[in-house]
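Report on the structure given below.
A, B, ... follow the sequence lines: proteins, then strands. Residue 1 opens every chain. All values below come from the heavy atoms of this structure, side chains included, with hydrogens, waters and symmetry mates left out.
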Amino acid sequence: MPKDIITLRAKDYSQWYLDIVRNADLADYAEVVRGCIVFKPTGYAIWEAIQRGLDERIKETGHENAYFPLLIPKSFLTKEAEHVEGFAPEVAEVTRVGGVDLAEPYVIRPTSETIIGHFYAQWVHSWRDLPLLINQWANVMRWEMRTRPFLRTSEFLWQEGHTVHATEAEAEEETLKILNDVYVDFLEKEMAVPVLRGRKTEKEKFAGALRTYAIEAMMQDGRALQAGTSHNLGQNFARAFDIKFTDQNNTSQVAWTTSWGVSTRLIGALIMAHSDDEGLVLPPRLAPKQVVVVPIYKTPDERVRVLEAVDKITADWKGRIRFRVDDRDNLSPGFKYNEWELKGIPVRVEVGPRDVEKGSVALARRDVPGKAGKEFVPQEGLTERIEALLADIQTSLFTRALAFRNDHTVEVSSMGELKEAVETGFARAYWAGSREDEQKIQDDLKATIRVIPFDQPEKSGKCILTGQETGQQVVFARAY
RNA sequence: CGGGGUGUGGCGCAGUUGGUAGCGCGCUACUUUUGGGAAGUAGAAGUCGCAGGUUCAAGUCCUGUCACCCCGACCA
C-alpha cells in the first residue's frame with residue numbers, strides 16, 4: 001500500500017513539485033540562508049549531467065571556458081543604464097571586510113556582463129582578436145522576493161557565455177546558434193523537453209540587450225518556464241566598457257557582444273515536465289543511474305545464487321548502461337521498488353530465485369509506473385533489450401511532453417478566448433499591441449507574451465487587442 | 001514588497017483552565033521476515049526559534065525580535 005507522501009498533481013501542483021524535490025532527495029532548503037537550497041548528491045548529479053551535455057555542445061560550437069571574479073565593483077553595474085535599472089533591486093553588496101568599510105563596495109554578481117566587459121576591453125584590440133568566444137560556469141546571486149527550489153533561488157548555478165564580434169550580423173548569428181544548436185538541441189535530445197523558440201518582446205528582453213531570444217517549455221500545469229535565453233547585446237555593453245577594435249582599414253570600431261545562459265532552473269523544468277504522482281521521472285540520457293537492479297532472496301543460499309546471477313546479468317553493462325545493484329539487506333523489495341520509482345530511475349530489473357531458475361528477470365519501466373510497466377523477460381539478450389528500452393523511454397517522454405503541449409496550445413482570436421486559454425496552457429494570437437498593452441494584459445490575465453515564435457503563419461490576421469491587421473503572432477502564457 | 005502561516009527529539013505533528021514534554025515515522029541492537037512501502041522486543045535522542053516580562057511555577061500568558069515556508073506582483 002503506497003504511502004501518500006506526494007501530494008497529487010491535480011490537487012496542488014505547487015505542493016506536488018515541492019514534494020517531489022524533497023522526496024526524491026534532490027535538495028534541502030538551506031534554512032539558514034534565505035532562498036537558498038542545498039543540492040543533495042542526487043540533485044547535484046543531475047546538474048552534473050546537464051553540465052556535461054551543455055559543455056560538450058558549447059565547446060563543439062567553438063567556445064572555451066574561463067572564470068571571472070564573483071565580486072564586481074559596484075560602479076561597473078551602473079555603466080550600462082538599463083542594466084543597472086534591471087538588476088539593482090536584487091543585487092547583494094559587500095560593503096565591509098574585517099569590520100572596515102570598503103572604499104568602493106562590491107556587488108555579488110547577478111550576472112557577469114559588466115566585469116567580463118571590463119576585461120574584454122583589455123583583451124580586444126584588433127579584428128584578428130575576434131570573435132572572442134568564452135563561457136563561464138559559475139554561481140550568481142539575485143535576491144529575489146519569492147523563491148522556489150531550483151526554479152528561483154537566491155543563489156543559483158549556471159553557465160553564462162559572453163562573446164565579442166566584429167559585426168552585428170556575426171553577433172546575431174552567434175546568438176541564434178547558441179539558441180538552436182546548444183539550448184534547443186540539449187533540451188529536446190537530452191532532457192526530452194520540447195521547447196518553443198523565438199524572440200522576446202521589448203518588455204521581456206534582458207536589461208541592456210538589443211534583442212533577447214528564448215526557449216520556453218510547457219510544464220504539466222500548462223504554465224510556461226523560460227528555460228534559456230540568448231541575448232544580442234548590440235553595442236550597448238561594448239560602448240559602456242569601451243570594447244573597441246581596429247578593423248582591416250585601420251579604423252577603430254565598437255564591437256558587438258552577446259551573452260547567453262541556462263541555469264539550475266533546468267532541473268526544475270525536468271521535474272515539472274516529466275514527473276508524476278509516484279515521484280520523479282528522469283529521461284534516460286540524463287539519469288545519473290539508468291537502471292537499478294533489485295535482487296530478491298530469502299535464505300543465505302538464495303542470496304548467493306541470486307547475486308551470482310546478477311553479476312552474470314550485468315557483466316557486459318559497464319560502459320554501456322549506468323546502473324546500480326541495490327543489495328541493501330535491511331529493506332524489502334517492495335520498499336525498494338517504491339523508493340526507486342520516487343527517485344526516477346528509468347528502468348528497474350528484479351532478479352529473484354524464480355528468475356535464476358527460469359533464466360528470466362522482471363523488467364519495469366519508470367515512465368509507466370507501478371505493476372503496469374513491469375514484464376518478465378529472458379535474461380538472454382537483456383543488455384540489448386534494456387538499451388532499446390532506455391531509448392524508447394527517452395523518445396516516449398519527449399513525445400508525451402510534445403503531445404501535452406499541443407493539446408494545451410490553442411490559437412485564439414478574441415480576448416475572451418485568450419483569457420480562457422491561458423488558464424490551461426499556451427495561447428497563440430495575432431498581436432500588434434504596444435508595451436503598455438502587454439502590461440495591461442499581464443495585469444488582467446496574469447499572462448505574458450512568452451515569445452514571438454520563429455515559425456510565423458503565412459497569412460496575416462487581426463491583432464487580438466487592437467484589431468489591427470498584422471503578420472505577427474505571439475504566444476501568451478502564465479509563466480514561472 | 002503586499003497577504004497568510006509556522007518555529008517543540010532527525011522528519012511530520014500533538015500539547016486542554018499555566019503544574020516541569022508526548023505521539024507517529026525514522027534511528028540503534030537483537031530476532032523473525034523479504035516477488036509492490038514487514039513485525040516483535042529492548043534502547044538512544046528535545047536548554048520547546050531568540051530576548052525580556054508576569055507568576056511560587058511558562059511550550060502554554062504578555063511585549064519585542066529573528067528566521068523560515070506558502071500565496072501574489074517582479075525576475076534565469
Side-chain angles (χ1 to χ4, degrees), chain A residues 1-5 12 14-15 17-19 22-23 28-37 86-91 110-111 138-160 183 200 203-207 212 214-217 225-231 259-269 278-279 294-300 302-303 306 327-342 348-356 360-362 364 369-374 376 439 442-443 446 448 478-480:
Chain A
M1 211 180 19
K3 292 180 189 169
D4 47 348
I5 46 181
D12 183 346
S14 181
Q15 188 58 50
Y17 173 79
L18 295 169
D19 288 348
R22 182 58 75 94
N23 288 293
D28 266 350
Y29 290 108
E31 289 176 339
V32 290
V33 187
R34 205 208 69 152
C36 289
I37 57 170
F87 283 103
E90 57 202 45
V91 295
T111 178
N139 57 342
V140 290
M141 177 160 275
R142 298 181 188 176
W143 210 256
E144 302 286 358
M145 290 306 158
R146 170 116 157 76
T147 58
R148 284 165 196 264
F150 298 120
L151 296 176
R152 189 177 305 102
T153 45
S154 300
E155 180 189 6
F156 58 93
L157 309 181
W158 76 346
Q159 60 69 215
E160 48 178 327
Y183 294 161
K200 286 287 187 184
K203 180 177 166 300
E204 297 282 323
K205 77 176 186 188
F206 178 73
T212 289
I215 50 174
E216 294 278 336
L225 184 75
Q226 181 172 303
T229 47
S230 186
H231 317 291
S259 70
W260 28 275
V262 299
S263 71
T264 37
R265 167 180 272 194
L266 288 181
I267 298 172
E278 317 303 318
V294 180
I296 298 156
Y297 44 79
K298 292 188 178 73
T299 65
E302 278 179 351
R303 183 175 192 276
V306 167
D327 56 358
R328 291 175 296 175
D329 268 335
N330 52 330
L331 299 171
S332 71
F335 182 90
K336 292 177 183 178
Y337 302 162
N338 285 287
E339 176 168 283
W340 292 116
E341 265 171 23
L342 200 53
R348 186 181 68 247
V349 172
E350 305 163 15
V351 184
R354 292 208 294 274
D355 296 306
V356 174
S360 65
V361 300
K371 288 182 181 173
K374 184 153 118 176
F376 285 87
Q439 183 63 48
Q442 181 173 353
D443 295 341
K446 295 179 196 162
T448 50
R478 290 186 179 158
Y480 276 97

Answer with base, sugar-phosphate or nothing: what part of the nucleic acid does [X] contact at a heavy-atom distance below 4.0 Å?
{"X": "A362(A)", "result": "base"}
{"X": "G352(A)", "result": "base"}
{"X": "P89(A)", "result": "nothing"}
{"X": "E90(A)", "result": "sugar-phosphate"}
{"X": "T264(A)", "result": "nothing"}
{"X": "L18(A)", "result": "sugar-phosphate"}
{"X": "F376(A)", "result": "base"}
{"X": "G370(A)", "result": "base"}
{"X": "T147(A)", "result": "sugar-phosphate"}

With [atom1] as the reference atom in both, quote the distance from [N] to [M] in angstrom, rounded to an integer.
{"N": "A21(B)", "M": "C66(B)", "atom1": "P", "value": "31 Å"}
{"N": "G12(B)", "M": "G46(B)", "atom1": "C1'", "value": "15 Å"}
{"N": "G59(B)", "M": "U20(B)", "atom1": "P", "value": "10 Å"}
{"N": "G19(B)", "M": "G52(B)", "atom1": "P", "value": "23 Å"}
{"N": "U8(B)", "M": "C50(B)", "atom1": "C1'", "value": "14 Å"}
{"N": "G26(B)", "M": "U41(B)", "atom1": "P", "value": "15 Å"}
{"N": "G24(B)", "M": "G40(B)", "atom1": "P", "value": "11 Å"}
{"N": "G15(B)", "M": "A51(B)", "atom1": "P", "value": "25 Å"}

Taking atom [atom2] of [N] as reference, at what distance in whole Å does atom [atom1] of [X] sit?
{"X": "M145(A)", "N": "A76(B)", "atom1": "CE", "atom2": "C1'", "result": "16 Å"}
{"X": "K205(A)", "N": "A76(B)", "atom1": "NZ", "atom2": "P", "result": "13 Å"}
{"X": "N23(A)", "N": "G12(B)", "atom1": "CG", "atom2": "P", "result": "11 Å"}
{"X": "R22(A)", "N": "G12(B)", "atom1": "CZ", "atom2": "C1'", "result": "11 Å"}
{"X": "I296(A)", "N": "A38(B)", "atom1": "CD1", "atom2": "P", "result": "13 Å"}
{"X": "K203(A)", "N": "A73(B)", "atom1": "NZ", "atom2": "C1'", "result": "11 Å"}
{"X": "N338(A)", "N": "G35(B)", "atom1": "CG", "atom2": "P", "result": "12 Å"}
{"X": "M141(A)", "N": "A76(B)", "atom1": "CE", "atom2": "C1'", "result": "14 Å"}

**Message:** Closest-nucleotide mapping onto RNA chain B: is A364(A) or D443(A) further toward the 5' terminus? I mean the 5' end.
**Reply:** A364(A)

**Message:** Need to verify one output field. Residue with the more 5' nearest nucleotide on RNA chain B, P333(A) or F87(A)?
**Reply:** P333(A)

Could you check which nucleotide pairs with [N] in any of the strands shown, counting Watson-Crick or G-U wobble with both distances under 3.5 Å?
{"N": "A76(B)", "answer": "none"}
{"N": "C13(B)", "answer": "G22(B)"}
{"N": "C61(B)", "answer": "G53(B)"}
{"N": "U6(B)", "answer": "A67(B)"}
{"N": "A42(B)", "answer": "U28(B)"}

**Asked** What are the two closest heavy atoms between A362(A) and F376(A), and how far apart are they?
**Response** CB-CE2, 3.6 Å

**Request:** For D327(A) and Y297(A), test the side chains for any donor-to-acceptor distance below 3.5 angstrom and give the result as yes or no.
**Result:** no

**Message:** E341(A) vs R348(A), test: salt bridge (Lys or Arg N to Asp or Glu O under 4.0 Å). Steps then yes/no.
**Reply:** CA-CA 9 Å; E341(A) 265 171 23; R348(A) 186 181 68 247; 3.5 Å; yes

Regarding [N], can its base be found pairing with the side chain of [X] as donor and acceptor, where the two atoms are less than 3.5 Å apart?
{"X": "E339(A)", "N": "G37(B)", "value": "no"}
{"X": "R146(A)", "N": "G2(B)", "value": "no"}
{"X": "K336(A)", "N": "G36(B)", "value": "no"}
{"X": "R142(A)", "N": "C75(B)", "value": "no"}

**Message:** For F206(A) and K200(A): C-alpha separation, side-chain torsions, deciding distance, then whether side-chain contact (heavy atoms from CB on, under 4.5 Å) applies.
**Reply:** CA-CA 9 Å; F206(A) 178 73; K200(A) 286 287 187 184; over 6 Å; no

**Message:** Do W260(A) and Q159(A) have side chains that approach each other closer than 4.5 Å (heavy atoms only, starting at C-beta)?
**Reply:** yes

**Message:** Can you see if the side chain of S332(A) gets near the phosphate of A38(B) - specifically, an N or O under 4.0 Å from OP1 or OP2?
**Reply:** yes

Which one, [options], comes nearest to the side chain of [X]?
{"X": "S263(A)", "options": "A73(B), A76(B), U34(B)", "result": "A76(B)"}
{"X": "R348(A)", "options": "C70(B), G36(B), G72(B)", "result": "G36(B)"}
{"X": "K371(A)", "options": "G35(B), G36(B), G72(B)", "result": "G36(B)"}

Would you say the side-chain atoms of [X] pair up with the backbone N or O of [Y], donor to acceptor, closer than 3.5 Å?
{"X": "Y183(A)", "Y": "A214(A)", "answer": "no"}
{"X": "R142(A)", "Y": "S154(A)", "answer": "no"}
{"X": "D355(A)", "Y": "G352(A)", "answer": "yes"}

**Partners passing side chain to side chain contact (heavy atoms under 4.5 Å, CB included) against R22(A) (at least two apart in sequence or in another chain)** = D28(A), Y29(A)

**Message:** Should F156(A) be counted as stacked on A76(B), where stacking needs a ring-centre gap under 5.5 Å and an angle between planes under 30 degrees?
**Reply:** yes

